2 protein chains.
Amino acid sequence: MDIAAKQALELWRGVMVLALQKDLPDLTSRQFTLLLHVYLKDQAHTVRGLAEELNMSKPAVTRALDRLGGLDFVRRKTDDKDRRSILVQRTVKGSVFLREFGDMVEIYAAEVSG
Amino acid sequence: MDIAAKQALELWRGVMVLALQKDLPDLTSRQFTLLLHVYLKDQAHTVRGLAEELNMSKPAVTRALDRLGGLDFVRRKTDDKDRRSILVQRTVKGSVFLREFGDMVEIYAAEVSG
DNA sequence: TCCGAATGTTTCGCATTCGTAATGATTCTA
DNA sequence: TAGAATCATTACGAATGCGAAACATTCGGA
């Protein structure tokens, strides 16, 4: 994936337009970023950690988890080592959703650079 | 998960996280997509046209133009050939904003594939 | 000219989001 | 073990977005 800045924008545009046309559940940028973060970063994800890493307030993280949980894209699990914390877990539905999105990006990337 | 698709997601994640950390004006996906569309597609852009191409309702396009106009990222101009239509025009501020975003994507694309 | 069609905006009611501050639950510490 | 600290959530009020429907303006054809 080697693209110039202009191609990068075209890639972004193409994917976003396709996402709109597909009537995917429309997530806010915070929600979508959080989803990507949870699935791509192999760590234990807590509300506090996500809030710091993503520059979000903790209530915003809680709300994003409510929304993503409602879609069954993530799941909450209380940490048994410290029952104050919750651990954000991945789901099959979330994996499927992101894989499809990734394929979309990949396809457009090939199209843009080719 | 396919490696290339995974890299595509990692690219998306990196850019989105950076955008959050930079405290950029947070645009909805519709607003951002509309902005990209106007700047990358060389055509006359009207409300009706954008609504069809982006699968948005006309009021949503109007509101997005209000928001983007408030940021001085686009400007409205009534079409002299048909004064019912408005033409969406680009601005310097919008160009700068998108160029910076494009650079960000390009940098991450190199990082992800390298 | 006049009336229907087309274009963009506004209004309306509803849903969602935001950050700050308060609350509840759990753990740590002195 | 009592009180402080930590973690997540809820409450609150303000802001914003959405689509459907109504509205104002402009164009175009009979």
Side-chain angles (χ1 to χ4, degrees), chain A residues 16-17 19-38 43-90, chain B residues 16-17 19-38 43-90:
Chain A
M16 296 284 282
V17 169
L20 277 185
Q21 289 169 346
K22 274 194 168 187
D23 280 317
L24 301 180
D26 57 303
L27 305 176
T28 66
S29 55
R30 283 175 175 81
Q31 288 163 359
F32 191 63
T33 306
L34 192 149
L35 186 66
L36 283 169
H37 203 72
V38 166
Q43 344 167 326
H45 292 289
T46 64
V47 171
R48 174 162 190 77
L50 289 167
E52 282 177 358
E53 291 155 19
L54 303 180
N55 193 29
M56 294 168 62
S57 68
K58 281 198 301 177
V61 173
T62 291
R63 283 188 300 262
L65 291 178
D66 288 343
R67 172 91 166 104
L68 295 172
L71 294 166
D72 196 26
F73 285 176
V74 300
R75 200 166 292 146
R76 283 176 167 99
K77 166 115 175 54
T78 49
D79 185 351
D80 287 328
K81 317 267 187 194
D82 181 347
R83 302 176 51 75
R84 289 172 302 182
S85 293
I86 68 113
L87 301 176
V88 181
Q89 300 190 314
R90 304 165 185 167
Chain B
M16 297 283 283
V17 170
L20 276 185
Q21 289 169 346
K22 274 196 167 183
D23 279 317
L24 300 179
D26 56 304
L27 305 175
T28 66
S29 54
R30 284 176 175 80
Q31 289 162 358
F32 190 64
T33 306
L34 193 150
L35 185 66
L36 283 169
H37 204 71
V38 166
Q43 341 165 331
H45 292 290
T46 65
V47 171
R48 174 160 190 78
L50 289 168
E52 282 177 358
E53 291 156 20
L54 303 180
N55 192 31
M56 295 169 62
S57 67
K58 283 198 299 177
V61 172
T62 292
R63 284 187 300 261
L65 292 178
D66 288 344
R67 170 90 166 107
L68 295 173
L71 293 166
D72 196 26
F73 285 176
V74 301
R75 200 166 292 148
R76 284 177 168 96
K77 166 118 176 52
T78 49
D79 185 351
D80 288 328
K81 317 267 185 191
D82 181 347
R83 302 177 51 74
R84 289 172 303 181
S85 293
I86 68 114
L87 302 176
V88 181
Q89 300 190 315
R90 303 164 186 168

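Numbers restart at 1 for each chain; the letters A, B, ... are given by sequence-line order, proteins then strands. Everything quoted here is computed from the prediction, not taken from an experiment. Side-chain atoms are counted along with the backbone in the values below, which use heavy atoms only and exclude waters and symmetry mates.
Residues A:Thr62 and A:Lys58 are not in side-chain contact: their nearest non-hydrogen atoms beyond the backbone lie 4.5 Å or more apart. A 4.5 Å side-chain heavy-atom check between B:Arg30 and B:Leu54 finds every atom pair outside the cut-off. Contact annotation: the side chain of B:Leu27 approaches that of B:Arg67 to within less than 4.5 Å [non-hydrogen atoms, C-beta and beyond]. Using a 4.5 Å heavy-atom threshold, the side chains of A:Asp26 and A:Gln31 count as separate.
Separating the CG atom of B:Leu27 from the C1' atom of C:dC18 is a distance of 15 Å, rounded to the nearest angstrom. To the nearest angstrom, P of D:dA8 lies 9 Å from CG of A:Leu50. Residue B:Leu65 contributes atom CG, which lies 16 Å from atom P of C:dT7 at whole-angstrom precision. Summarising the geometry, the separation between CG on A:Leu34 and P on D:dA8 is reported as 12 Å, rounded to the nearest angstrom. A:Leu68 places its CG atom 10 Å from the P atom of C:dT17, with the value rounded to the nearest Å. Regarding B:Asp80, its CG atom lies at a distance of 12 Å from the P atom of D:dT26, rounded to whole Å. Note: CE (A:Met56) to P (C:dG19) measures 8 Å, nearest angstrom. The interatomic distance linking B:Ile86 (CD1) with D:dA24 (C1') rounds to 16 Å, in whole Å.
A sub-4.0 Å separation between OP1 or OP2 of C:dG24 and a side-chain N or O of A:Arg84 is absent. A close approach under 4.0 Å does not occur between any side-chain nitrogen or oxygen of A:Gln31 and OP1 or OP2 of C:dT16.
With DNA chain C read from its 5' end, the first of the two nearest nucleotides for B:Asp26 and B:Asp66 is the one closest to B:Asp66. Both B:Asp79 and B:Arg30 lie close to DNA chain D; mapped to their nearest nucleotides by heavy-atom distance, the more 5′-ward contact belongs to B:Arg30. Positionally, the nearest nucleotide of DNA chain C for A:Lys58 lies more toward the 5' end than for the other of A:Lys58 and A:Lys81.
B:Arg48 contributes no side-chain N or O that forms a donor-acceptor pair with the base of C:dT7 under 3.5 Å.
Nearest nucleotide to the side chain of B:Asp82, out of D:dA5, D:dC27, C:dT9: D:dC27. Listed nucleotides: D:dT9, D:dT26, C:dT17. Nearest to the side chain of A:Arg63: C:dT17. Candidate nucleotides D:dG17, C:dT17, C:dT27 were compared by shortest atom distance to the side chain of B:Arg67, and D:dG17 ranks first. Side chain of A:Thr28, nearest nucleotide from C:dC18, D:dA8, D:dC27: C:dC18. Side-chain atoms of A:Val47 lie closest to D:dT9 of the nucleotides C:dG8, D:dT9, D:dA5. In this structure, of D:dG19, D:dT25, D:dA8, it is D:dG19 that holds the atom nearest to the side chain of B:Ala60.
In summary, of the residues considered (B:Ile86, B:Val38, B:Leu65, B:Val74), a side chain to side chain contact (heavy atoms under 4.5 Å, CB included) with B:His45 occurs for B:Val38 alone. Remark: of the listed residues B:Val47, B:Thr46, B:Asp66, B:Val47 is the sole one forming a side chain to side chain contact (heavy atoms under 4.5 Å, CB included) with B:Val61.
A:Thr62 comes within 4.0 angstrom of a base, heavy atoms only.
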